[in-house]
Amino acid sequence: MRFSDVKLSAIGGTICGLWASFSVGDLLYVALTALIGTLVSFLLSRLLNRLFKHK
């Protein structure tokens with residue numbers, strides 16, 4: 001068995017273990033929360049940039 005085979009086996013086992021511990025609802029919740037956080041951060045930075053823009 002080569003070292004690359006061992007690495008692939010370890011990565012595959014880790015992914016399978018993580019996949020089994022999450023439900024689809026959890027993944028959707030995390031994705032939605034990340035999307036909302038990104039949008040709020042972007043919009044707030046644009047608003048602050050306009051408010052404190054030096055001419």
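All values below come from the heavy atoms of this structure, side chains included, with hydrogens, waters and symmetry mates left out.
- Put simply, Leu44 and Phe52 are part of the same group of oily side chains (I, L, V, M, F, W, Y) that touch within less than 4.5 Å, one to the next.
- The side-chain hydrogen bond (donor to acceptor under 3.5 Å, both in side chains) pairs that include a residue from residues 26-41 are Ser23-Asp26, where partners are two or more places apart or lie in different chains.
- Leu27 and Ile15 are assigned to two separate hydrophobic clusters, defined by single-linkage of ILVMFWY side chains at heavy-atom distances under 4.5 Å.
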